[in-house]
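Residue numbering restarts at 1 for every chain, and letters A, B, ... go by the order of the sequence lines.
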Amino acid sequence: MYALVDCNNFYVSCERVFRPELRNRPVVVLSNNDGCVVSRSEEAKALGIGMAAPAYQHELLFRQQGVAVFSSNYPLYGDMSNRVMNLLGEMAPDMEIYSIDECFLNFTGCDYLDLEAQGKNICQKIPQYTGIPVCVGFAPTKTLAKAANNIAKKFKDKTGGVYVIDTEEKRIKALRWMKVDAVWGIGRRSAKTLAKFEIKTAYDFTQQSDAWVRSVMSVTGVRLKHELLGTPMIEREELEVRKNIATTRSFEKNYTELPEISERVATFAVSCAEKLRRQHMQCNALMVFLMTNRHRKDQQQYNPSTVVRLPFASNSGIEIAHYAAEGLKQIFREGYSYKKAGVIIMDFTPEEEGQVNLFENSDPRHKPLMVAVDKINRALGEQKIKLGAQDMQQDWKMRQESLSPRYTTRLKDIIVAKV
DNA sequence: TCTGGGGTCCTAGGACCC
DNA sequence: TCTGGGGTCCTAGGACCC
């Protein structure tokens, strides 16, 4: 049996740990640049604030209804997530962290364990130790565990935050209740296609033939169907090693000139390289992309991208920034207003694998240089050492108007308790 | 005026090889 | 009129997830 443990309204819950007076009030957390709503308390959901709603559209509502608004505080959420995951890791034989606020626990071999009781234990212990409320769903496959978690959350008063699918009756009851678009792995597009064939619930979906499912949703759909029938089809994901690393940002204003975009792209490349070194990998290729504002229907759209292959594997910020700049030069066109850009590095090989190219290789001097740069930046703060190609004067700044303190990761932000 | 960021997997089609 | 068959690799784009 698998358990899916999911933190409730995670970012909002993190903020509330340190602001208990917000407990029964509507609270939202915004994305980077204070752009969209990405986490909502139950009270905020009740006000009709949708997921991913642009913040500016709700400014009036926020004020009128006294909604507490926060900018994203990733150092805080990351640290709170670690605390939750560390505790959960001790409560099952095996765990698989799926995202910042979710993990699968594997109870294979625990045939005599009372899962319901273990679930209750989790729902009690995690909030007691971390302040973060969670719900737990148990089932024989991951997709069904997701469904069980949905039920646990939806009927929290009745379930106490725990639901176990361990019989055929419960499985069928759950699938008949679940709308097909709520199934993990069925998105908006597939749901629309399925609706055309009168497939409304997860149960309806499982009644279709493999061949038909494959024809509309490819092998992914077939796997999903069997997961819902109770046969595990989704393997353990090895998340430790990433296959791509991306740094992308929307700009606070439109850019029209190559030099200003070039500075930002250099910074994205340097940031990718740093993440890559932390993984002890090198990349063999990178992609640069540019985007105009896709929300502006009145503007000419241009969303080019290009893949640049490196002549040698590298994780040097200097080299990666150099090839990113070359890619950018290829795709940049005058006459457009650019709103977003990004660098994605890919095709990784391990650091130790070393030189494979006879004629061209990564500059060996960069290795000790990067070690030194990482050391300094880690000790003195991000981006203290930069390339000349980066934005030295940095006249841009991410909008973060309602940022909470880093309560758990910065000494001067530690909360002061008065007796 | 404003509307995020970072991932994975799958498929179709083109280029190329013998 | 007719113009093979069987591979691999790469890329772009779609769909989905949090």
>> Can a side-chain donor-acceptor contact be found between A:Asp79 and A:Thr408 if the only test is distance below 3.5 angstrom?
In response: yes

> Which part of the nucleic acid, if any, lies within contact of A:Val183, taking any heavy atom under 4.0 Å across all strands shown: a base, the sugar-phosphate backbone alone, or nothing?
Replying inline: sugar-phosphate

>> Just by distance, no angles: are the side chains of A:Tyr255 and A:Glu263 close enough, under 3.5 Å, to form a donor-acceptor pair?
In response: no

> Counting side-chain heavy atoms from CB outward, which of B:dG4, B:dT8, B:dT11 is closest to A:Val219?
Replying inline: B:dT11

> Can you check the A:Phe251 CZ to B:dC2 P distance for me, whole Å?
Replying inline: 15 Å

> If you check every side-chain atom of A:Ser218, which of B:dT8, C:dC16, B:dT11 has the closest atom?
Replying inline: B:dT11

>> Using whole Å, what does the distance between atom P of nucleotide B:dC9 and atom CE of A:Met217 come to?
In response: 17 Å

> Which of these, A:Thr206, A:Thr231, A:Asp210, sits in a side chain to side chain donor-acceptor pair (under 3.5 Å) with A:His226?
Replying inline: A:Asp210

> Could you state the CE-C1' distance from A:Met291 to B:dT3, rounded to the nearest angstrom?
Replying inline: 13 Å

> Once you round it to whole Å, what is the distance between P of C:dT11 and CE of A:Met346?
Replying inline: 7 Å

> If you check the A:Thr247 side chain, which of B:dC2, B:dG6, B:dG4 turns out closest?
Replying inline: B:dG6

> With respect to the side chain of A:Lys340, which nucleotide from B:dT3, C:dT11, B:dG5 is positioned closest?
Replying inline: B:dG5

> Heavy atoms under 4.0 Å, any strand shown: does A:Ile344 hit a base, just sugar-phosphate, or nothing?
Replying inline: nothing

> Does A:Lys146 have a side-chain nitrogen or oxygen under 4.0 Å from the phosphate oxygens OP1 or OP2 of C:dC16?
Replying inline: no

>> Once you apply a heavy-atom cut-off of 4.0 Å, does A:Ser190 come out as touching a base, just sugar-phosphate, or nothing?
In response: sugar-phosphate

> Can a side chain N or O of A:Ser99 be found less than 4.0 Å away from OP1 or OP2 on B:dG7?
Replying inline: no

> Atom OH of A:Tyr98 to atom P of C:dC18: distance rounded to whole Å?
Replying inline: 5 Å

>> Salt bridge or not between A:Arg296 and A:Asp298? Use side-chain N to carboxylate O under 4.0 Å.
In response: yes

> In whole angstrom, what separates A:Arg223's CZ from B:dC10's C1'?
Replying inline: 9 Å

> If only side-chain N and O atoms of A:Lys339 are considered, is one of them under 4.0 Å from the OP1 or OP2 phosphate oxygen of B:dT3?
Replying inline: yes

>> Tell me which one of A:Val27, A:Val28, A:Val38 satisfies side-chain contact (heavy atoms from CB on, under 4.5 Å) with A:Val12.
In response: A:Val27

> Closer than 4.0 Å, any side-chain N/O of A:Arg249 to the OP1 or OP2 of B:dG6?
Replying inline: yes

> Using a cut-off of 4.0 Å on non-hydrogen atoms, how would the nucleic acid contact of A:Asp34 be classed: base, sugar-phosphate, or nothing?
Replying inline: nothing

>> Please confirm whether the shortest side-chain N or O distance from A:Ser250 to OP1 or OP2 of B:dT3 is below 4.0 Å.
In response: no

>> Nearest to the A:Ala246 side chain among B:dT3, C:dC16, B:dG6, which nucleotide is it?
In response: B:dG6

> Taking atom C1' of B:dT3 as reference, at what distance in whole Å does atom CE of A:Met398 sit?
Replying inline: 16 Å

> So does A:Thr248 get a side-chain nitrogen or oxygen closer than 4.0 Å to the phosphate oxygens (OP1/OP2) of B:dG6?
Replying inline: yes

> Between B:dT3 and A:Arg399, is there an OP1 or OP2 to side-chain N/O distance shorter than 4.0 Å?
Replying inline: no

> A:Trp184 side chain: which of C:dA15, B:dC10, C:dC18 is closest?
Replying inline: C:dC18

> Under a 4.5 Å cut-off applied to non-hydrogen side-chain atoms, are A:Tyr11 and A:Arg40 in contact?
Replying inline: no

> Given atom CD1 of A:Ile100 and atom C1' of B:dG7, what is their separation to the nearest angstrom?
Replying inline: 13 Å

>> If you assign each of A:Asn244 and A:His295 to its closest nucleotide in DNA chain B, which residue comes earlier from the 5' end?
In response: A:His295

> For B:dC17, which nucleotide in any strand shown is its Watson-Crick or wobble partner with both distances under 3.5 Å?
Replying inline: C:dG6

> A:Gln57 near the nucleic acid: base, sugar-phosphate alone, or nothing, with a heavy-atom cut-off under 4.0 Å?
Replying inline: nothing

> Nearest to the side chain of A:Ile245, which nucleotide is it out of B:dG7, C:dC18, B:dG4?
Replying inline: B:dG7

>> Of the options C:dA12, B:dG4, B:dT1, whose atoms approach the side-chain atoms of A:Arg296 most closely?
In response: B:dT1

> Distance only, no hydrogens: is a donor on one side chain within 3.5 Å (strictly under) of an acceptor on the other, for A:Gln330 and A:Glu326?
Replying inline: no

